[in-house]
*Asks:* 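Mind looking over this structure? Questions follow.
Bear in mind that the values here come from a model prediction, so they are computed numbers and not experimental data. The analysis underlying the following values was restricted to heavy atoms, covering all of them including side chains, and did not include hydrogens, waters or symmetry mates.
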Amino acid sequence: MKYLTAMIISLALAGAAHAGRSCEEKPTDAATLVKSMDLAQKTLQALDKSGAQVALVARAGQDLSKYNVRYSHMALAWRDHPKGRWLVVHELNECGTAQSSLYNEGLGNFFMDDVFMYETLILIPGQDTQQQLVRLLASNTPKRLHDARYNMLAYPFSTKYQNSNQWVLETLAAASVEPGKIETRAEAQSWLRSVDFLPQTLNIPATTRLGARMFRANIAFDDHPFDRRMAGKIDAVTVDAVARFVRQREPQAQEIVVRN
């Protein structure tokens, strides 16, 4: 309990805990803070128990059930050395703008962002993939695979924009081949096409797309194929799509759901 209390205090004071939140400044409710830190602690315990060195972790930051999407945001959690602390590496949109940055932070910070549902999905790939991800995360490849031009609904096979789950997927692609074979987003997307990655199709009518494009800087549709866009079929990299891809390629992957 002392550890949890200390973690709550330190994270409440840390500026990095605000990364990825909306620009609206609002006080953090004490009950919400405790629930977020409790979920972080349970996730930490599950990761420790798994014996993994790298895992994909997902949170539910908003209600996307009308699009058949459960989790909104995915990151890579890793230990920079055996028995070390868990770090979360992920792409975050900056205050609803059309820009993003990569963040490397603690698990507590990951759950300090707005949370809709206190539940975490943990996906643990096989040992070979984990080792490759460790190698990549200690290199400059993740930065090369990051594109600051953010679009929440970026088309999976275009390099015009990128969303946060897409960065995880493209980094995972680089970890799935021989070292040095994938160093650019175009190379990652070419490989994903070759292994038949299937994005999730969201049904978004024209009126909804128009409103989103006019009033949200972080949503665009001009990278999507015209015929699919006009039919209201928006293909995107969601957590569900990444999880399905991992399960198909690595049937031995562990899957853990953590709830408050």
*Asks:* Following the transitive rule for hydrophobic clusters with a side-chain heavy-atom cut-off under 4.5 Å over Ile, Leu, Val, Met, Phe, Trp and Tyr, establish whether Leu123 and Val88 coincide in one cluster.
*Replies:*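 Per the 4.5 Å side-chain linkage, Leu123 and Val88 are not co-clustered.
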
*Asks:* Can you tell me if Asp223 uses its side chain to pair, donor with acceptor, with the backbone of Ser158 under 3.5 Å?
*Replies:*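 Answer holds: no.
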
*Asks:* Quick one: closest heavy-atom pair of Val89 and Ala75, and the distance?
*Replies:*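 Looking at all heavy atoms of both residues, the closest pair is O-CB, 3.6 Å.
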
*Asks:* Could you tell me whether a side-chain N or O of His90 sits under 3.5 Å from a main-chain N or O of Val57, the two making a donor and an acceptor?
*Replies:*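 It does not hold such a pair.
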
*Asks:* Evaluate Gln189 against Thr159 for side chain to side chain contact (heavy atoms under 4.5 Å, CB included), listing each step before the verdict.
*Replies:* CA-CA 8 Å; Gln189 291 179 10; Thr159 59; 3.8 Å; yes

*Asks:* Taking atom types as modelled, find out whether Asp235 and Thr201 have a side-chain donor-acceptor pair closer than 3.5 angstrom.
*Replies:*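 Asp235 vs Thr201: donor-acceptor pair found between side chains.
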
*Asks:* Taking the side chain from Glu91 and the backbone from Asn165, do they hold a donor-acceptor pair closer than 3.5 Å?
*Replies:*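 Not a single qualifying donor-acceptor pair exists.
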
*Asks:* How would you list all residue pairs meeting salt bridge (Lys or Arg N to Asp or Glu O under 4.0 Å) that involve residues 154-163, not counting sequence neighbours?
*Replies:*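 For residues 154-163, and leaving out neighbouring residues, the salt bridge (Lys or Arg N to Asp or Glu O under 4.0 Å) pairs sorted by first residue read Lys160-Asp222.
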
*Asks:* Tell me if a side-chain donor or acceptor on Gln166 pairs with a main-chain N or O of Tyr155 at a distance below 3.5 Å.
*Replies:*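 Confirmed, Gln166 side chain pairs with Tyr155 backbone.
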
*Asks:* Rounded at 0.5 Å granularity, tell me how far CH2 in Trp78 sits from CG in Asn104.
*Replies:*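 Trp78 atom CH2 to Asn104 atom CG measures 7.0 Å (nearest 0.5 Å).
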
*Asks:* Return the minimal non-hydrogen interatomic distance between Ala175 and Leu136, and the atom names on each side.
*Replies:*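 What the structure gives for the nearest pair is N-CD1, 3.4 Å.
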
*Asks:* Say whether Leu198 and Val242 are linked into one hydrophobic cluster, either directly or through other cluster members, by side-chain heavy-atom distances under 4.5 angstrom.
*Replies:*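 Each belongs to a different hydrophobic cluster.
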
*Asks:* Between the side chains of His73 and Gln62, is a donor N or O closer than 3.5 angstrom to an acceptor N or O?
*Replies:*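 Judged by distance alone, the side chains do not pair up.
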
*Asks:* Let me confirm one number: the CG-OG distance from Asn151 to Ser100, rounded to the nearest 0.5 Å.
*Replies:*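 Output value for this atom pair is 10.5 Å.
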
*Asks:* Ala40 and Gly108: which non-hydrogen atoms are nearest, and at how many Å?
*Replies:*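 Heavy atoms of Ala40 and Gly108 come nearest at CB-CA, 4.0 Å.
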
*Asks:* Please tell me if the side chains of Met112 and Met37 come closer than 4.5 Å, counting only heavy atoms from C-beta onward.
*Replies:*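 Sidechains of Met37 and Met112: in contact.
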
*Asks:* For side chain to side chain contact (heavy atoms under 4.5 Å, CB included), just list the numbers for Phe245 and Leu192, CA-CA rounded to whole Å, side-chain angles, deciding distance to a tenth of an Å, and then say yes or no.
*Replies:* CA-CA 10 Å; Phe245 181 68; Leu192 288 164; 3.9 Å; yes

*Asks:* Enter the distance from Thr120:OG1 to Arg259:CZ here, rounded to the nearest 0.5 Å.
*Replies:*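 Nearest 0.5 Å value for the OG1-CZ distance: 10.0 Å.
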
*Asks:* Hey, what do you get for CG (Leu47) to CD (Gln53), rounding to the nearest 0.5 Å?
*Replies:*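 It comes to 12.0 Å.
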
*Asks:* Are Tyr161 and Asn218 close enough, and set up right, to give a side chain to side chain contact (heavy atoms under 4.5 Å, CB included), and what steps lead you there?
*Replies:* CA-CA 10 Å; Tyr161 308 111; Asn218 58 359; over 6 Å; no

*Asks:* Can a donor-acceptor pair be found between the side chains of Ser50 and Gln254 at a distance below 3.5 Å?
*Replies:*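 No donor-acceptor contact under 3.5 Å links the two side chains.
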
*Asks:* Using every non-hydrogen atom in the two residues, find where Ala60 and Ser72 come nearest and quote the distance to one decimal.
*Replies:*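 Heavy-atom minimum between the residues: C-OG, 3.8 Å.
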
*Asks:* Say you draw a straight line from NZ of Lys181 to OG of Ser176; how long is it, rounded to the nearest 0.5 Å?
*Replies:*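 So the gap between those two atoms works out to 11.0 Å.
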
*Asks:* Kindly work out whether a path of hydrophobic side-chain contacts (I/L/V/M/F/W/Y, heavy atoms less than 4.5 Å apart) joins Val69 to Tyr150.
*Replies:*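 Yes, same cluster.
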
*Asks:* Is there side-chain contact between Met152 and Asn93, with at least one heavy-atom pair below 4.5 Å?
*Replies:*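 They are not in side-chain contact.
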
*Asks:* Determine whether Ile122 and Met74 fall in the same hydrophobic cluster, where Ile, Leu, Val, Met, Phe, Trp and Tyr are linked whenever their side-chain heavy atoms lie under 4.5 Å apart.
*Replies:*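 As far as the 4.5 Å side-chain criterion goes, Met74 and Ile122 are not connected within one cluster.
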
*Asks:* Provide the closest heavy-atom pair for Pro251 versus Gln248 in the form atom of the first, atom of the second, distance.
*Replies:*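 Looking at all heavy atoms of both residues, the shortest contact is CD-O, 4.1 Å.
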
*Asks:* Can you find a side-chain donor-acceptor pair between Thr238 and Asp240 that sits under 3.5 Å?
*Replies:*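 Their side chains do not contain a donor-acceptor pair, so the 3.5 Å distance test is not met.
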
*Asks:* Mind checking salt bridge (charged side-chain N to carboxylate O under 4.0 Å, His left out) for Arg247 and listing every partner two or more places apart, or none if nothing turns up?
*Replies:*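 Glu255.
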
*Asks:* So do Tyr103 and Asn109 actually touch side chain to side chain, heavy atoms under 4.5 Å?
*Replies:*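 The answer is no, as the side chains (C-beta and beyond) never meet within the 4.5 Å cut-off.
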
*Asks:* Salt-bridged, Arg249 to Asp196, with N to O below 4.0 Å?
*Replies:*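 Salt bridge: no.
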
*Asks:* When you compare the side chain of Gln130 with that of Ile124, does any pair of heavy atoms fall below 4.5 Å?
*Replies:*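 The answer is yes; the side chains approach within 4.5 Å.
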
*Asks:* Any luck finding a side-chain donor-acceptor pair between Arg144 and Thr141 under 3.5 Å?
*Replies:*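 Side chains of Arg144 and Thr141: pair found under 3.5 Å.
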
*Asks:* For the CG atom of Asp147 and the CG atom of Asn163, what is their distance to the nearest 0.5 Å?
*Replies:*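 Rounded to the nearest 0.5 Å, the CG-CG separation comes to 11.5 Å.
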
*Asks:* Does a side-chain N-to-carboxylate-O contact under 4.0 Å join Asp38 and Lys42?
*Replies:*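 Counted as a salt bridge, because a side-chain N and a carboxylate O are separated by less than 4.0 Å.
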
*Asks:* Do Leu137 and Pro142 have side-chain heavy atoms sitting under 4.5 Å apart?
*Replies:*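 Yes - at least one pair of side-chain heavy atoms lies under 4.5 Å apart.
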
*Asks:* State whether the side chain of Glu94 and the backbone N or O of Gln99 hold a donor-acceptor pair below 3.5 Å, judged by distance alone.
*Replies:*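 Looks like no, no N/O pair under 3.5 Å.
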
*Asks:* Any non-hydrogen side-chain atom of Leu172 less than 4.5 Å from a side-chain atom of Val246?
*Replies:*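 Yes; the side chains approach each other to less than 4.5 Å.
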
*Asks:* Cation over ring, Arg59 on Phe111, under 6.0 Å and within 45°?
*Replies:*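 No, Arg59 and Phe111 do not form such a contact.
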
*Asks:* Arg228 and Ile234: side chain to side chain contact (heavy atoms under 4.5 Å, CB included), yes or no, with the steps?
*Replies:* CA-CA 7 Å; Arg228 297 281 291 170; Ile234 301 301; over 6 Å; no

*Asks:* Is Val54 close to Pro125 at the side-chain level, that is, under 4.5 Å between some pair of heavy atoms?
*Replies:*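 The answer is no, as the side chains (C-beta and beyond) never meet within the 4.5 Å cut-off.
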
*Asks:* Hydrophobic clustering (ILVMFWY, side-chain heavy atoms < 4.5 Å, transitive) - are Trp167 and Trp191 grouped together?
*Replies:*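 Result: yes, single cluster for both.
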
*Asks:* Can you name the closest pair of heavy atoms from Pro156 and Phe197 and give their distance?
*Replies:*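 Of all heavy-atom pairs spanning Pro156 and Phe197, the closest is CB-CE2, 4.3 Å.
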
